[in-house]
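For reference, the structure I am asking about is given below.
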Amino acid sequence: MARANEEVEALLQEYADLVAITGGDAFKARAYEKAARAIGGHPADISHLDADGLRDIPNVGRSIAEKVIEYLRTGTVAVVEERRAKIPAGVRELITIPTLGPKKAMRLYEDLHISSVSELAAAIEADALADLKGFGEKTQENILHGIRLMQQAGGRIPIHLALDTAEEIVAELSQVTGCKRCTYAGSLRRMRETIGDIDILVAAKRSAPFMEALETLPSTAEVIAHGEKKTSIRTTKGVQVDLRVLPPDSWGAGLQYFTGSKAHNIRTRTIAVRPGLKLSEYGLFDTGSGESVASRSEEEVYARLGLPWIPPTLREDRGEIQAAVRGELPEVVTERDVRGDLHTHTDLTDGLASLEAMVEAAAERGYAYYAVTDHAPNLYMQRMTDEKILAQREELRALDGAHHGMRLLHGTELNISAEGDVDWPGAFLVGFDLCVASLHSHFDLDRRAMTRRLVRACENPHVNIIGHPTTRLIGKRPGVDADWDEVFAACARTGTALEINAQPDRLDLCDEDILRARQHGVKFAVNTDAHSVLHLAHLRYGVATAQRGWLTADDVINTWPLRRLRRFLAKDGSG
DNA sequence: GCCGTTTTCGGCCCGACTGTTTTCAGTCG
């Protein structure tokens, strides 16, 4: 993804927030939000576009195009700077607290001069909000709860941001003379859903050129520590990056060591002890002679311990070592196994790209099939109608097979009501090739009602996949409360797949839920829920999550040949 | 601020929930 697109997206979103906070025209704020999203999701690099080219992007008009040009030329936009001068950055941070929007943020700032999340938390603790209009007891409670949720993320960053940063740095350091190997390790290589800091490893004889290269990158804001073996920096986005340079002969041992997890490493080191070996980041050594017996590659190190190579996504000490010893490691699903995406949107509802553009992009990924699943009518803001979705079906049928023979499936994303019903009657639903059904409201039902609701959705003969099942947003919203074992059992019983939603802020189901669901014999669908062409590439995060849940290709319905998938979708027991 | 037109102005993502201001503003999906 072009960096300029992301920068401009962030800038326009910031301006939209500032307009909303300062009480500007709500439609103006929304116009900037829409433009931000459109530019962020635009497949081409905007830094090569002129004003006319920019205006060809939907929701970008003359005024915004001018501001983008101003930004690309000078690095700033005057009107944004003006608003920034009026509103401290911390005030904008306030609206990231769930249940706290621009109006309340502005009141807190104007009346109490609160301009950071920590100040707000302190003010509530000190009962300083008592006389403030609109901040009753319950509101304060909700805000504190929201702050706690944010703090639980604990400064960890979402995986996709970490991966983008890491890949850029790896690309840079790989160019440095003397670089034998370079990659990222740590929780990022294990593809955990959030990342604390980024570990980069280099294999080279001399470390200094790499340390210097890292310190002088344009994205480096601060050098935290500088040494011969390890250097730590903080990027302009506030992410800590640790670089370690290893002797080329230690590459495998170092990679294994720095990939972790800590618990996995403790187990591997313990295994080494019995045959008289010692495992460190420099190699596997014979305790008696001190001689290295393996270190060049991870495969070699694991093999010398009597283990097969273990995929990084499994290295969490969740039984992978024991499984490896027994020769029962799962052959985890890979991105290459996935034959199609079964949950995607177009600009008929809230997607950014046309049906044709999405289909073309999907075909370029080499998919054998692809489902379009726009929102159904009960998500009122999307204004779906029978006519619109049927017209889309016609359009889709006309495109079917036109791109590298990729087959198109017409679907929809239904809304599961509080009672567990979905949008259309069965007679209409039967016309779809597949139906995803998801929760979009009523997240706070009690456990029994929520469980019943989800089970009822599974029992609907037209519902094939439960989309983003827990509806959590990482660092923002916890998943809904349900008796998941009962839901998983219902999925297995009814032939309803559970989605592994690959959006990096969802990753829903999460790895641990997948492990549990798998015990019930549930099948899964790894879907991107793409709202733009670029989102199709988020599949990697969903696949990694599936791997962390120990899934094989056989567990994942969208790795299956179309014929087998269709039998599953028929939901009549033949799948 | 964007868009489409009924072309320079009026509509734009609608409806529900929540808490509180007891008649509705703020937030969310």
Side-chain angles (χ1 to χ4, degrees), chain A residues 8 11-13 15-39 51 54-68 70 77 79-80 83 94-108 111 129-146 149 345 347-352 374-385 388 413-419 423 437-445 467-468 470-473 476-480 501 503 505-506 508 529 531:
Chain A
V8 169
L11 186 83
L12 295 177
Q13 181 61 51
Y15 191 63
D17 289 344
L18 292 174
V19 168
I21 290 169
T22 50
D25 179 8
F27 288 113
K28 180 171 160 179
R30 189 170 298 158
Y32 276 97
E33 266 173 25
K34 284 191 332 201
R37 243 165 58 83
I39 288 174
L54 286 166
R55 291 188 63 179
D56 283 340
I57 301 173
N59 301 311
V60 177
R62 198 169 66 144
S63 172
I64 291 180
E66 275 173 12
K67 291 182 178 71
V68 173
E70 182 185 349
V77 176
V79 289
V80 178
R83 300 244 181 185
L94 294 179
I95 68 172
T96 62
I97 302 170
T99 73
L100 207 166
K103 296 290 189 293
K104 284 196 169 82
M106 191 57 178
R107 173 150 295 157
L108 289 166
D111 292 7
L129 270 55
D131 297 330
L132 201 57
K133 269 201 170 166
F135 288 83
E137 199 179 322
K138 196 69 213 280
T139 299
Q140 295 191 34
E141 216 173 273
N142 289 340
I143 290 173
L144 276 184
H145 180 245
L149 269 179
H345 296 272
D347 60 4
L348 184 62
T349 56
D350 56 353
L352 288 171
D374 270 314
H375 287 291
N378 292 357
L379 197 63
Y380 302 103
M381 63 182 174
Q382 303 299 346
R383 300 179 151 190
M384 180 53 82
T385 62
K388 279 161 82 173
E413 182 182 10
L414 301 164
N415 307 284
I416 305 173
S417 77
E419 292 74 37
D423 305 60
S438 316
L439 307 179
H440 292 112
S441 60
H442 302 95
F443 300 139
D444 54 358
L445 297 184
H468 45 73
T470 77
T471 318
R472 72 160 178 172
L473 291 175
K476 238 186 152 174
R477 187 173 70 204
V480 298
N501 189 295
Q503 288 189 30
D505 61 342
R506 289 193 186 269
D508 181 12
D529 193 1
H531 284 68

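Every chain is numbered from 1 and lettered A, B, ... according to where its sequence line falls, protein lines coming before strand lines. Please read all numbers here as calculations on a predicted model, not as lab measurements.
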Taking atom P in both dT21(B) and dT27(B), what distance in whole Å separates the two?
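So the two P atoms sit 15 Å from each other.
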Phosphate oxygens OP1/OP2 of dG19(B): is one of them under 4.0 Å from a side-chain N or O of N142(A)?
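Answer yes for this pair, as a side-chain N or O of N142(A) is under 4.0 Å from OP1 or OP2.
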Near-parallel close stack of Y380(A) and dC13(B) base (under 5.5 Å, under 30°):
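Per 5.5 Å and 30° rule: no stacking.
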For atom C1', what is the distance between dC28(B) and dT22(B), given to the nearest Å?
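Pairwise C1' distance, dC28(B) against dT22(B), rounds to 23 Å.
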Provide the distance between the two P atoms, one in dC2(B) and one in dC13(B), to the nearest whole Å.
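Result for the P pair: 15 Å, nearest Å.
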Non-hydrogen side-chain atoms of L108(A) and L100(A) separated by less than 4.5 Å
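Yes, side chains in contact.
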Spacing between L445(A) atom CG and dC17(B) atom P, to the nearest angstrom:
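In whole Å, dC17(B) P lies 11 Å from L445(A) CG.
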Which is true for R477(A) with a 4.0 Å heavy-atom rule: it touches a base, it touches only sugar-phosphate, or it touches nothing?
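Result for R477(A) = sugar-phosphate.
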What are the two closest non-hydrogen atoms of A65(A) and A51(A), and how far apart are they?
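Smallest heavy-atom distance, with atoms named: CB-O, 4.1 Å.
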Mapping E33(A) and I97(A) to their closest nucleotides on DNA chain B, which lands nearer the 5' end?
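Nearest-nucleotide comparison on DNA chain B picks E33(A).
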Residue pair H345(A) / D529(A), side-chain heavy-atom distance below 4.5 Å:
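H345(A) reaches D529(A) side chain to side chain.
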Taking CD from E413(A) and P from dG29(B), how many angstroms apart are they, rounded to a whole number?
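Those two atoms, CD and P, are 14 Å apart.
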Provide the distance between the two C1' atoms, one in dT8(B) and one in dC3(B), to the nearest whole Å.
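Nearest-Å result for dT8(B) against dC3(B) at atom C1': 12 Å.
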Rounding to an integer number of angstrom, what distance separates dT20(B) and dA16(B) when you compare their P atoms?
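After rounding to an integer number of Å, I get 22 Å for this pair.
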Would you say the side chain of L11(A) lies within less than 4.5 Å of the side chain of V77(A), judging by non-hydrogen atoms?
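They are in side-chain contact.
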Taking OP1 and OP2 of dC17(B), is either one under 4.0 Å from a side-chain nitrogen or oxygen of H442(A)?
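The answer is yes; a side-chain N or O of H442(A) sits under 4.0 Å from OP1 or OP2.
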I64(A) side-chain proximity, nearest of dT27(B), dC2(B), dC12(B)
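Closest nucleotide among those given: dC2(B).
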Categorize Y32(A) for me: base, sugar-phosphate, or nothing, with a 4.0 angstrom heavy-atom threshold over every strand shown.
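Sugar-phosphate contact only - Y32(A) comes under 4.0 Å of backbone atoms but never of a base.
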For the C1' atoms, the ones on dG29(B) and on dT23(B), what distance do you get once it is rounded to whole angstrom?
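It works out to 25 Å between them.
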On DNA chain B, does the nearest nucleotide to K138(A) precede the nearest nucleotide to Q382(A) from the 5' side, or the other way round? Give the residue.
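In this pair, the answer is Q382(A).
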With a distance cut-off below 6.0 Å to the six-membered ring centre and an angular limit of 45° from the axis, does R107(A) pair with F135(A) as a cation-pi contact?
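No.
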Have a look at S441(A) and say if it touches a base, only the backbone sugar-phosphate, or nothing, with a 4.0 Å heavy-atom cut-off.
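The residue S441(A) makes no contact with any strand.
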Mind checking D444(A) for me? I need base, sugar-phosphate or nothing, with any heavy atom below 4.0 Å counting as a touch.
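If one applies the 4.0 Å heavy-atom cut-off, D444(A) turns out to touch the sugar-phosphate alone, with no base involved.
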Looking only at heavy atoms, which two atoms of A376(A) and N415(A) are closest? And how far apart?
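What the structure gives for the nearest pair is O-ND2, 3.7 Å.
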Name the nucleic acid region contacted by G134(A), choosing base, sugar-phosphate or nothing; use a 4.0 angstrom heavy-atom cut-off, strictly under.
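Base contact - G134(A) has a heavy atom under 4.0 Å of at least one base atom.
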Just checking L100(A): base, sugar-phosphate only, or nothing, at a heavy-atom cut-off of under 4.0 Å?
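Counting heavy atoms under 4.0 Å across all strands, the contact made by L100(A) is with sugar-phosphate only.
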Whole-Å gap separating P (dC2(B)) and NZ (K28(A)):
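Rounded to whole Å, this separation is 10 Å.
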With the criterion being N/O to N/O and under 3.5 Å, what pairs connect the protein with nucleotides 3-7 of chain B, and how long is each?
{"unit_1": "dC3(B)", "atom_1": "OP1", "unit_2": "N59(A)", "atom_2": "N", "d": "2.7"}

Under the criterion side-chain contact (heavy atoms from CB on, under 4.5 Å), I'd like the reasoning laid out for I39(A) against V60(A): C-alpha separation, chi angles, the key distance, then a yes or no.
CA-CA 8 Å; I39(A) 288 174; V60(A) 177; 3.9 Å; yes
Evaluate H468(A) against Q503(A) for side-chain hydrogen bond (donor to acceptor under 3.5 Å, both in side chains), listing each step before the verdict.
CA-CA 9 Å; H468(A) 45 73; Q503(A) 288 189 30; over 6 Å; no
Rounded to the Å, how far apart are D17(A) CG and dG26(B) C1'?
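Taking atom C1' of dG26(B) as the reference, CG of D17(A) is at 16 Å.
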